[in-house]
Structure formats: structure tokens, C-alpha cells
Amino acid sequence: MGHDLLIYNALLLTLEPESRPWYQGYVAIQGSKIAAVGQASGIQNLPNATEYWNAGGSLVMPGLVNTHCHAAMTLFRGLADDLPLEQWLHQHIFPGESRWVDYDFVYTGALLAAAEMIRGGVTTVADAYFWEAGARQAFAEAGLRAVTAQGVIDFPAPGVPDGSDNLAVAREFIESGRRSPDGLITSTLFCHAPYTCSAGTLQGAKALTRSHNLPFFIHLAETRQEADQIRHQTGLSPTAYLDSLGLLDEKTVAVHAVWVDETDRQLLARRGVKISHCPESNLKLAAGVAPVAELIQEGAIVGLGTDGAASNNNLDLWGEMSLAAKIHKVVRQDPTVLPARQVVEMATRQGAQVLGLEDVTGSLAPGKDADLIVLELRQPHLTPMYDPFSHLVYTARAVDVQQVMVQGRWLMRHRELLTLDWQILREKVRGWAGKIMPGAAGFFQGMADQA
Ligand SMILES: [Zn+2]
């Protein structure tokens, strides 16, 4: 029996452990799943299929996994930059959120985020925000794989005017769509931080995700100020504090983990806590540099995340890969730290592990879902190529991604989005931007006039 689709004549990186690049590689797809991968010289040696697609020597690899995002914040992109985190959060982001964020804001911002991420080769995203049902709807329409998490915080938040309702709202979100029928969307929750959620909220939230066997997300030890505050209040580091509450286990995803000392790192690794490393956000907000090489040495699984577009300001995992590969080298004054292949694994297979999705995505292997991307290699900045992993980390860019597939369905062909209408979406974004900053619509108009 033949397969549905055979992608062949590819430079194939499966990202399976210890795998080597395959020249003249192929991927056979049956329905939503990968049926076979291999290498074949000559079309006569390929498996049978209904449809053949000649990749023309392009690079085929698993789609990227963004382990931390606040998709709706694309609508705040570039609104407030170059400020201390406290000032940025309390004078710009929280007030903007309380004024503007509703279901349509989140839906529109998440559609914009989805468009940007698909065009950058992201096939799986872990998202966390308020009105998260709007993001869930947007990702479902875009065809992306998403772990959507309703935000939990102990003060009034968009859609949760009374902070004491936060867990009830999160429970309702989880129970209204825990897993979509196609398995692409997971619904869970996200506690904002140890300093914005009480011990009771943290424990209640963890109990809720535990009862549904879902990942639990939390910003942890992002800034020195947070670490000082928690130590002042509890006598413990943020990591030890969460452990004292019973929050640390293999389903917990600690986002940032910048201010973690050796004892904290050993604790995180021992508990099997997954780490989402967001280097660009940490640098832009001057939070610090997470000790990622040390965390990996202790045995922690680390994925990469973009964080929200208000603190990055894009959702480009290629930039995160490049930065992650370099920042730890300079901090450790050791150019052998985080070599290219390890960083590509963080953006793919290990990212899937962080989200508990390692059985369905993150590498190209028979039985996994067909989540893959294709990069055009015949470009000056990718020529010559001696080591594909080196190019992916140190020279490739989001615009090099030509095709994107999730669960066997093309979301982008030849850089054209197939599930989203960019013209309609752009008008929706323009409407929101004009509200958030009256006059901003003029920027759009100016661009339209020039076009
Ligand atoms: Zn974040």
C-alpha cells in the first residue's frame, strides 16, 4: 500500500537522538502521521505514494517548538521599550491590559502571532495569557499545535475582574476544551509568578493541572528583585519556595529560571522540572542570563521560548537559537558551550519534551505527527554548507522557511499562508492599533499609500 505523500530529494534532519543528516532523504506521510523516513538514491528506490513532492535539495526538519509565548501581546509590540521591568509591567503592560484586553483582542493578537510563527517555522507553541479561549480559537483556525494556558494572578486581570475567581476561570477554561478532537490543542493554566500568586493560589492551580495530568506553567526567578522579595518573605529562594509548596515535578514548566543557584538547579533537575529559556526577553528586560549550560549539566531538559512580543519584540525562534548559542559562550568565556546541534535540539525535540509532547512531535520519526518545515538553501547567506546545524543556528533566518506542515496539513507553501488571510487579519490589527494608540492607524495608512 502506498503512502499519501512522499517528500523526497531533501537534506533531511530527523533530530532523532544521534541521527546524522541524510542527503537524498525522504519523508513518507500517511494521513496526519509520518509513516517512514529514509534515504534513497534514485526515484525508483522510493516507497510508493499517491503524491510525490520533490524538495529539490531543500532542508527538511521538524517544525520548531516555542515553549513560551504570550501571543496576544503582539498587539503591544513596540509600544513601550527600554524600560525597567517593574516600570514596563506596572506603568505600561498592566494598564494597557486592563484597558484593552478582551476576547477579540486576544483572538486578533493570537492570529497575528500565529501568522508570524508559521512564517518563521514554528509548528508548536505554548501560550499563556488571559481570555485564553480567544488564543485557543485563533490557533485552531491557524492549524497550529498549541498548549494554551489561562493566566492565573491574584489581582484583577482581563476577564477576571475579581482576582479570587482566577482558579474558577482557569478550571472553566480547562474543562471547556481540554483536548481538541485532532489532538492539536491542549488547554491548561499558567501561574504568573511566585510573587503575584499566593501560596494557596499556587497550590490550588497545581492541584487542578495535576488532576487533569496537564503541564503547569510559571514564570520563575526571572529577576533579582523577585528572588530578593521571595527570600525576604519566606527565607527561601523562589525555587525552594515552590518546592516547599509541592509545586515542582516533571509536569511543571519553569519559565526563565535566571536567578537559580547551584542548589536550585539541582533541585529543578532532581524534580524533573522542565525549563523554558527565553534569552531575548531576558536580555531586553535586563533580567539576567539564565545558567542554561549548568542546568543542562545537572540533567534538566531545556527548551527555547520567545516570551511575548512586548518584551522581545518578535516571535522568531531563529533569533533565540542564535542568541542562546552565543550568550552562554560569552558568559562562561567558553566557545564550546551550547554547540549548534544542541541548540537546534532545544528548539525541536527538547522543546517537545518540555511540553510533554515528545511522543507526537519534535522530531521526524515513524508514528509521530507530520509536523515539519522546509528551508530553501540556494541563497547566498547559506552557501556553502559544510554543517547544516551550524547554518540553522548561526546564519538561517525565519524568512528562509518556505513550507510548513502540521499534522500532515500544509499551513504555508512557498511562503504563502494557507490557513490565514493576511489582508483581512492586517485590517483587524489596524483597527486595534488605532484604538491602543490613536494615530497609529496612520502608520498603516502610510504603508498602504506607498504600496
Ligand atoms: Zn512570559
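Because the structure is a prediction, the values reported are computed rather than measured. In this chain, residues are counted from 1 in sequence order. Just follow the structure's listing: the first ligand is 1, and inside any ligand the first atom is 1.
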Of all the atoms in C69, is at least one N, O or S atom closer to the Zn ion (ligand 1) than 2.8 Å?
-> no

Charged N to carboxylate O under 4.0 angstrom, D369 versus K33?
-> yes

Quick one: sort the W432 and W100 rings into parallel, tilted or perpendicular, breaks at 30° and 60°.
-> perpendicular

Have a look at the Zn ion (ligand 1) and estimate, to 10 degrees, the angle subtended by OD1 (D307) and NE2 (H68).
-> 90°

To the nearest 0.5 Å, how far apart are CG in L323 and NE2 in H328?
-> 8.0 Å

N, O or S from H256 under 2.8 Å to the Zn ion (ligand 1) = no

Does H219 put an N, O or S atom under 2.8 Å from the Zn ion (ligand 1)?
-> yes

Salt bridge flag under 4.0 Å for residues R397 and D316 | no

